[in-house]
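One-based numbering along the sequence shown.
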Amino acid sequence: MLSCRNFLSKAIRKKNLKAKNKARKKNIARRKQDSIFKHQHLQEDQEIQDIEEESEGFSLKASAPSHTYGVQPLGNLYLNPGSVNSRNTGLGSLQTLSDELILDILGLLDGAHLGVLAAVSKSFYFFANHEPLWRNLVLDNLNNGFLFNGSWKSTYVAAFYPSFDISDMGTSNVKVRDFYSDYLFQSWLCANLDMKPEWLERDNIVRKNGISVEDFVLNFEEPNKPVLFEGCMDNWAALRKWDRDYLLKVCGDSKFAAGPVEMRLDEYFRYADQVREERPLYLFDPKFAEKVPTLGSEYEVPIYFREDLFSVLGNERPDYRWIIIGPAGSGSSFHIDPNSTSAWNAVIKGSKKWILFPPDVIPPGVLPSPDGAEVACPVSINEWFMNFYDATKHWKKRPIECICKAGEVIFVPNGWWHLVINLEESIAITQNYVSRRNLLNVLEFLKRPNASELVSGTRDRVNLHDKFKNAIESAFPGTINQLMQKAEEKNAQQKKLSFWDSVTDSNAGAFKFSF
């Protein structure tokens, strides 16, 4: 029989053993936790490395944030064989739909329903918070202007739910591991990408300073070739005055077109200072001189472009001049100027990268419809540079490229495809015009069977051809017939074979002889 002392001694040893086992278990659990924590950090480091490798060769803006929710490009999934794309698990049976289609469907919802859907799963949280969805909601519902609040979602909530505190909406603690989507990742990448130096190197446009109008007509306007002018806007008051402070003072409460909305300049500059997206809104207003006459008086049309035959229509002429303001990264994707007109573009502040293709060369990545009424092209300008620019280096007909800086004017001939991106915050004036060298092209364009779809800048698209032709014949009798006769003579001259053409076998590339 055990004595009380022996029993007590055994009880103490048993208690100490339990304490030791408990401590051992805690140490094991702590080591496991440390291991998991270390593994998580390794995973995060790997994700950062993967993103850097994915964008290798590209440079992100110095202030570029990491992706808000940790989305990775789809290629990273194949580098991690053990990973499962959490995008699919969170979408359930909808996982078979493409990201684009899911976002198209979500684009049919209003803000309240997007907010509810975001609570369904982490995957739906990603998709329902995609900024372009909220951008569309703002632009569709607040076309009288808005106050941008760091993000489009915050802007929408502040406008429709003013009592809601949006101070924490700009940051999110939601991170999902192993979420892979090329579409969502590229949207983020394009919004935060710096222009690669090699995208800016090529400058093959002809530059001129002080040439005569006759030289311009003979060497550029008639042969329909671009040219960049230096020094032809040195006397503009706009070149000296137009900065933010001056424009804010002069324009006051006047509103200008920026995409589908009208905004005061202070509202637009607030947006431009905060926004980071792949397609920034571009202030592009055709009625600026009517809204603020001072602006119209502080520049003048360069001497090379003063013959403007559309002016015979007076107030019925199509839109023809615009003030253009935009932050770095804003601009215009590939297009041809309206109504077969030629154009000039003068940079007052900032700088712009231009790429131009002649009428017979469709830029890579651009798909115009057969009738020319619609053009499909990449969502953003950066996307085009990433995916298509390098291909043009090997083309026989390479594009004309340049950087147009403050104080310079570029001539854009009719029918030329062109893309423009602002390299910094920029202010510019552009005008489209019709001269005698281009009159027949414009008249032919205006009478196309689908003119009601092609003609722009006027309400009376169908009758514009007849109105314009009659006004020209009234103001300049016989001009159209003279131009048509010259065009026929020119065509006949081009078809007529020279002596050397008549004795050359075009198929063999050598002379041919008849006996």
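When atom types are taken as modelled, the side chain of Trp134 and the backbone of Ala128 share a donor-acceptor pair closer than 3.5 angstrom. Under a 3.5 Å cut-off, the side chain of Trp395 and the backbone N or O of Ala391 do form a donor-acceptor pair. In this structure, Ser369 contributes its side chain and Glu374 its backbone to a donor-acceptor pair below 3.5 Å. One N or O on the side chain of His335 and one on the backbone of Ser333 form a donor-acceptor pair closer than 3.5 Å. Under the 3.5 Å distance criterion, the side-chain polar atoms of Lys353 are left unmatched by any main-chain donor or acceptor of Val420. In terms of modelled atom types and a separation under 3.5 Å, the side chain of Asn76 and the main chain of Gln72 share no donor-acceptor contact. One N or O on the side chain of Ser426 and one on the backbone of Glu424 form a donor-acceptor pair closer than 3.5 Å. For the pair Asn204 (side chain) and Pro399 (backbone), a donor-acceptor distance under 3.5 Å is present. A donor-acceptor pair under 3.5 Å links the side-chain atoms of Ser311 to the main chain of Asp308, judged by distance alone. Between the side chain of Trp152 and the backbone N or O of Leu137, no donor-acceptor pair lies under 3.5 Å.
Taking the side chain as every heavy atom from C-beta outward, Pro302 and Met233 never approach each other to under 4.5 Å. Ile323 has its side chain within reach of Trp242: a pair of non-hydrogen atoms, C-beta onward, lies under 4.5 Å apart. Contact check for Leu103 versus Leu101: no side-chain heavy atoms found under the 4.5 Å cut-off. Inter-residue side-chain proximity for Ile362 and Pro368 is flagged as met; some heavy-atom pair is nearer than 4.5 Å. Residues Phe468 and Leu313 have side chains in contact (heavy-atom distance under 4.5 Å, counting atoms from C-beta outward). By the 4.5 Å heavy-atom criterion applied to side chains, Ile480 and Leu483 are not counted as neighbours. Residues Pro338 and Asn432 have side chains in contact (heavy-atom distance under 4.5 Å, counting atoms from C-beta outward). A 4.5 Å side-chain heavy-atom check between Leu247 and Ile427 finds at least one atom pair inside the cut-off.
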Could you list the donor-acceptor pairs under 3.5 angstrom formed by side chains in residues 404-411, with sequence neighbours left out?
residue : atom : partner : partner atom : Å
Glu408  : OE1  : Lys405  : N            : 2.9
Glu408  : OE2  : Arg207  : NH1          : 3.4

Just list the side-chain donor-acceptor pairs under 3.5 Å for residues 440-458, sequence neighbours left out, or say none.
residue : atom : partner : partner atom : Å
Asn441  : ND2  : Asn438  : OD1          : 3.1
Asn450  : ND2  : Asp371  : O            : 3.4
Thr458  : OG1  : Asp460  : N            : 3.4

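Between Arg202 and Glu401 a salt bridge is recorded (basic side-chain N to carboxylate O distance below 4.0 Å). Ion pairing between a basic and an acidic side chain is recognised when a charged N comes within 4.0 Å of a carboxylate O; Lys153 and Glu131 show no such pairing. Salt-bridge annotation for Lys469 and Asp466: absent, with no side-chain N of the basic residue lying under 4.0 Å from a carboxylate O of the acidic one. Taking a cutoff of 4.0 Å between a charged side-chain nitrogen and a carboxylate oxygen, Asp285 and Lys255 do not qualify as a salt bridge. Using a 4.0 Å cut-off between charged side-chain N and carboxylate O, Glu222 and Arg437 make no salt bridge. Electrostatic pairing of Lys208 and Asp215 does not count as a salt bridge here, judged by no charged N lying under 4.0 Å from a carboxylate O. By the 4.0 Å N-to-carboxylate-O rule, Lys241 lies close enough to Glu298 to be salt-bridged with it. The pair Glu300-Arg306 counts as a salt bridge, with a side-chain nitrogen and a carboxylate oxygen less than 4.0 angstrom apart.
Classification of the Tyr389-Trp199 ring pair by plane angle, with boundaries at 30° and 60°, yields perpendicular. Ring geometry for Phe220 versus Phe216: interplanar angle under 30°, hence parallel rather than tilted (30 to 60°).
The ring of Tyr320 has its center no closer than 6.0 angstrom to the ring center of Phe310. For Phe357 and Trp416, the ring centers sit 6.0 Å or farther from each other. Annotation: Phe146 is not in aromatic contact with Tyr156 [ring centroid separation under 6.0 Å not met]. The distance between the ring centers of Tyr268 and Phe256 does not fall below 6.0 angstrom.
For the ring-ring contact (aromatic ring centres under 6.0 Å, His included) test with Phe334, the passing option among Phe385, Trp384, Phe388 is Trp384; the others fail. Partner of Trp417 under the side chain to side chain contact (heavy atoms under 4.5 Å, CB included) criterion, chosen from Leu356, Ile355, Val366: Val366.
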- Evaluate the side-chain contact (heavy atoms from CB on, under 4.5 Å) criterion for residues Ile472 and Leu309: first the C-alpha distance (whole Å), next the side-chain angles of each, then the deciding distance (0.1 Å), finally the verdict. CA-CA 8 Å; Ile472 288 290; Leu309 298 179; 3.8 Å; yes
- Query: Given the rule in the salt bridge (Lys or Arg N to Asp or Glu O under 4.0 Å) test, do Glu262 and Lys291 qualify, once you have shown the distances and angles that lead to the verdict?
  - Reply: CA-CA 12 Å; Glu262 296 270 328; Lys291 294 174 180 177; 3.4 Å; yes
- Message: Could you walk me through whether Ser154 and Ser151 satisfy the side-chain hydrogen bond (donor to acceptor under 3.5 Å, both in side chains) test, starting with their C-alpha distance in whole Å, then the side-chain angles of each, then the deciding distance to 0.1 Å, before giving a yes or no?
- Response: CA-CA 5 Å; Ser154 297; Ser151 73; 2.9 Å; yes
- Message: Determine whether Asn414 and Asn224 satisfy the following criterion, side-chain hydrogen bond (donor to acceptor under 3.5 Å, both in side chains), listing intermediate values before the conclusion.
- Response: CA-CA 7 Å; Asn414 77 86; Asn224 213 42; 3.1 Å; yes
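Nearest heavy atoms, Asn422 versus Gly326: ND2-O, 3.8 Å. Here the closest heavy-atom approach between residue Leu281 and residue Ala258 is recorded as CD2-O, 4.0 Å. Minimum heavy-atom separation, Val261 to Met263: CG2-CG, 3.7 Å. Closest of all the heavy-atom pairs between Asn143 and Pro260 is CB-O, 3.9 Å. Pro318 approaches Leu464 most closely through the heavy-atom pair CG-CD2, 3.7 Å. Minimum heavy-atom separation, Ser181 to Val71: O-CG1, 3.8 Å.
Taking CD of Gln485 as the reference point, atom CD of Gln482 lies at 8.0 Å (rounded to 0.5 Å). Rounding to the nearest 0.5 Å places CG of Leu147 at 9.5 Å from CD of Gln274.
Remark: the Gln186 side chain and the Asp182 side chain contain no N/O donor-acceptor pair separated by less than 3.5 Å. Side-chain contact check for Arg270 and Asn149: at least one donor-acceptor pair (N or O, by modelled atom type) lies under 3.5 Å. In summary, the side chains of Glu278 and Trp188 do not present any donor paired with an acceptor at a separation below 3.5 Å, with no hydrogens or angles considered. Lys225 and Asn219 share no side-chain donor-acceptor pair at under 3.5 Å.
Applying the 6.0 Å contact sphere to CD of Glu100 captures more than 12 heavy atoms from other residues, nucleotides or ligands. Atom CD of Glu267 is surrounded by more than 12 heavy atoms from other residues, nucleotides or ligands within 6.0 Å. Atom NZ of Lys393 has more than 12 neighbouring heavy atoms from other residues, nucleotides or ligands inside a 6.0 Å radius.
Relative to the six-membered ring of Tyr433, Arg321 misses at least one condition, a distance below 6.0 Å or an angle of at most 45° to the axis.
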